Amino acid sequence: MSSSEPAPTPAANSPFDRGHTDDLMSFLSAAPTPYHAVAAAAERLEKAGFRQLRETDAWDGSSGGRYVLRGGALIAWYVPEGAAAHTPFRIVGAHTDSPNLRVKPLPDTGSHGWRQIAVEIYGGTLLNTWLDRDLGIAGRLTLRDGSHRLVSVDRPLLRVPQLAVHLDRSVNTDGLKLDRQRHMQPVWGLGEAEEGDLLRFLEAESGVPEGETTGWDLMLHSVEPPAYLGRDQELVAGPRMDNLVSVHAGTAALCAAATGRGAEELPCIPVLAAFDHEENGSQSDTGADGPLLGSVLERSVFSRGGTLEDRARAYAGTVCLSSDTGHAVHPNYGERHDPTHHPRANGGPILKVNVNQRYATDGSGRAVFAAACEKAGVPWQTFVSNNAMPCGTTIGPITAARHGIHTVDIGIAILSMHSARELCGADDPHLLANALVAFLEG
């Protein structure tokens with residue numbers, strides 16, 4: 001469906017409207033790191049009646065909502081009453097991580113009387129978007145007893161200062177050239193660097209006794225809050241839309257499917273799989289190329305008395321919508337897009353297609369997605385790359401290949417992907433969520 005065509009009439013049972021976008025903005029602010037993102041999603045799941053399972057415990061086959069947390073990843077699912085062991089799954093896949101600046105193991109550094117923090121570049125970051133921006137720091141601290149403590153300093157604390165134009169007269173003619181090592185280290189004060197300074201500061205901020213932290217995973221984030229943008233406020237600007245838009249929509253859709261009328265009669269088991277480390281290849285124990293999803297699905301089958309045959313039957317009937325952001329047509333760079341595929345903001349979710357399997361979508365997957373959008377009364381669009389431009393990829397092909405699960409790549413169209421601050425249509429998040437509810441309900 002082209003974005004220029006009239007939108008279908010919304011389904012009477014579509015649960016989400018612009019209020020969903022308001023809640024998304026709160027979610028983005030609460031989730032400066034993958035660890036905070038899964039904690040915020042888990043809080044929403046708990047309110048909908050889901051309960052956490054620990055991977056080290058024995059699982060029973062009881063019905064209801066359950067979820068597993070591992071690092072920055074979350075798998076949640078809802079088992080209807082009386083679901084057979086071979087009941088297929090309907091999975092919404094997403095990822096919790098975003099490109100950013102991450103703190104190095106020995107963070108305290110400095111030069112010429114400036115105290116600085118040593119950072120490493122994570123993912124395909126648009127480096128220039130992190131310059132001259134007020135930054136906070138967040139992540140998790142690992143304590144001596146093995147427990148974790150989330151920490152978030154969400155106020156102006158650090159800054160990566162750009163070189164003044166007077167000292168680089170060619171910057172506006174020859175372009176900005178940034179050395180990833182020399183030019184991206186933020187300042188956070190004056191004086192000489194002191195070993196352990198950052199860690200002591202974060203322990204004090206999070207109420208951890210000094211010296212109790214033995215490990216940490218920390219990253220920087222822009223402290224500027226998400227905001228509606230434009231004359232008619234039809235746009236939203238904010239951080240980490242790639243891909244917390246999908247994590248938030250998937251969480252809301254799963255809660256709606258599990259608590260809606262007819263939840264006990266669902267013909268499938270709805271699942272949310274939110275992975276970490278997509279931005280650097282997904283190869284980790286919390287990434288889509290790891291064993292987490294397969295382990296959870298298999299244990300769900302076996303805990304309901306299933307066999308390997310039941311697992312094979314369940315997987316054969318399973319479909320995954322891999323939801324990640326894609327590129328809206330850029331008004332200043334229209335030639336970079338395919339001439340006939342121009343996804344637009346507020347045109348509805350996008351179906352992502354690449355015949356070289358950078359996306360997992362095929363014709364039958366298109367039909368599944370179209371049916372969900374039609375049921376939800378949601379318009380949709382198609383994205384395909386310009387042949388002269390390399391195509392990105394997602395967790396979709398990984399999920400399909402690793403588990404043998406039929407997978408379809410979708411998302412919403414945004415501008416400024418991988419910037420510290422991205423841009424989307426204000427209606428697209430709730431249109432996506434409504435489509436995901438229809439999909440999860442079978």
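Please read all numbers here as calculations on a predicted model, not as lab measurements.
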Would you indicate whether the side-chain heavy atoms of [Y] and [X] approach each other to under 4.5 Å?
| X | Y | result |
| --- | --- | --- |
| Leu131 | Leu176 | yes |
| Asn100 | Arg102 | yes |
| Arg159 | Leu135 | no |
| Ser206 | Val208 | yes |
| Leu254 | Val92 | no |

Does any pair with a residue in residues 254-273 pass side-chain hydrogen bond (donor to acceptor under 3.5 Å, both in side chains), and if so which ones, sequence neighbours excluded?
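The answer is Tyr78-Glu264.
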Straight-line distance of [X] [atom1] to [Y] [atom2], nearest 0.5 Å:
| X | Y | atom1 | atom2 | result |
| --- | --- | --- | --- | --- |
| Ile410 | Phe383 | CD1 | CZ | 14.5 Å |
| Ile395 | Ser322 | CD1 | OG | 4.0 Å |
| His403 | Glu298 | NE2 | CD | 10.5 Å |
| Ile75 | Ser295 | CD1 | OG | 9.5 Å |

Taking salt bridge (charged side-chain N to carboxylate O under 4.0 Å, His left out) as the cut-off, I'd like each qualifying pair that reaches into [range], sequence neighbours left out, listed once.
| range | answer |
| --- | --- |
| residues 46-57 | Glu43-Lys47, Glu46-Arg51, Glu55-Arg70 |
| residues 403-421 | Glu224-Arg421 |
| residues 427-436 | Arg18-Asp427 |

Determine, for Glu212 against Arg149, whether the closest basic-nitrogen to carboxylate-oxygen distance falls under 4.0 angstrom.
no
Is the shortest side-chain N to carboxylate O distance from Glu205 to Arg200 below 4.0 Å?
no
Non-neighbouring partners of His183 that pass ring pair (Phe, Tyr, Trp, His ring centres under 6.0 Å), sequence neighbours left out
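Partners of His183 by the ring pair (Phe, Tyr, Trp, His ring centres under 6.0 Å) criterion come out as none, since no residue qualifies.
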Might you point out which heavy atoms bring [X] and [Y] nearest each other, and give the distance in Å?
| X | Y | result |
| --- | --- | --- |
| Leu432 | Pro349 | CD1-CB, 4.1 Å |
| Leu415 | Ala328 | CD2-O, 3.6 Å |
| Pro34 | Met219 | CD-SD, 3.8 Å |
| Ala73 | Leu292 | CB-CD2, 3.9 Å |
| Gln162 | Asp132 | N-OD1, 3.0 Å |
| Met184 | Val119 | O-CG2, 3.4 Å |

Tell me whether Ser98 contacts the main-chain N or O of Asp242 through its side chain, where contact means a donor paired with an acceptor under 3.5 Å.
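It does hold such a pair.
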Does any pair with a residue in [range] pass ring-ring contact (aromatic ring centres under 6.0 Å, His included), and if so which ones, sequence neighbours excluded?
| range | result |
| --- | --- |
| residues 407-442 | none |
| residues 234-255 | His20-His248, Phe27-His248 |
| residues 347-378 | Phe369-Trp380 |

For Asp23, enumerate each residue passing the salt bridge (charged side-chain N to carboxylate O under 4.0 Å, His left out) test, keeping only those at least two apart in sequence or located in another chain.
Arg44
Going by atom type alone, with no hydrogens or angles, which donor-acceptor pairs under 3.5 Å involve a side-chain atom of residues 266-278 and a protein atom two or more places apart or on another chain?
| from | atom 1 | to | atom 2 | distance (Å) |
| --- | --- | --- | --- | --- |
| His277 | ND1 | Ser284 | OG | 2.6 |
| His277 | ND1 | Thr286 | OG1 | 3.3 |
| Glu278 | OE1 | His95 | NE2 | 3.2 |

Mind checking what makes side chain to side chain contact (heavy atoms under 4.5 Å, CB included) contact with Val353, not counting sequence neighbours?
Leu351, Thr361, Thr382
For residues 386-393, please give each side-chain donor-acceptor pair under 3.5 Å, one per line with the distance, not counting sequence neighbours.
| from | atom 1 | to | atom 2 | distance (Å) |
| --- | --- | --- | --- | --- |
| Asn386 | OD1 | Ala388 | N | 2.8 |
| Asn386 | ND2 | Glu335 | O | 3.4 |
| Asn386 | ND2 | His337 | O | 3.1 |
| Thr393 | OG1 | Arg358 | O | 2.6 |

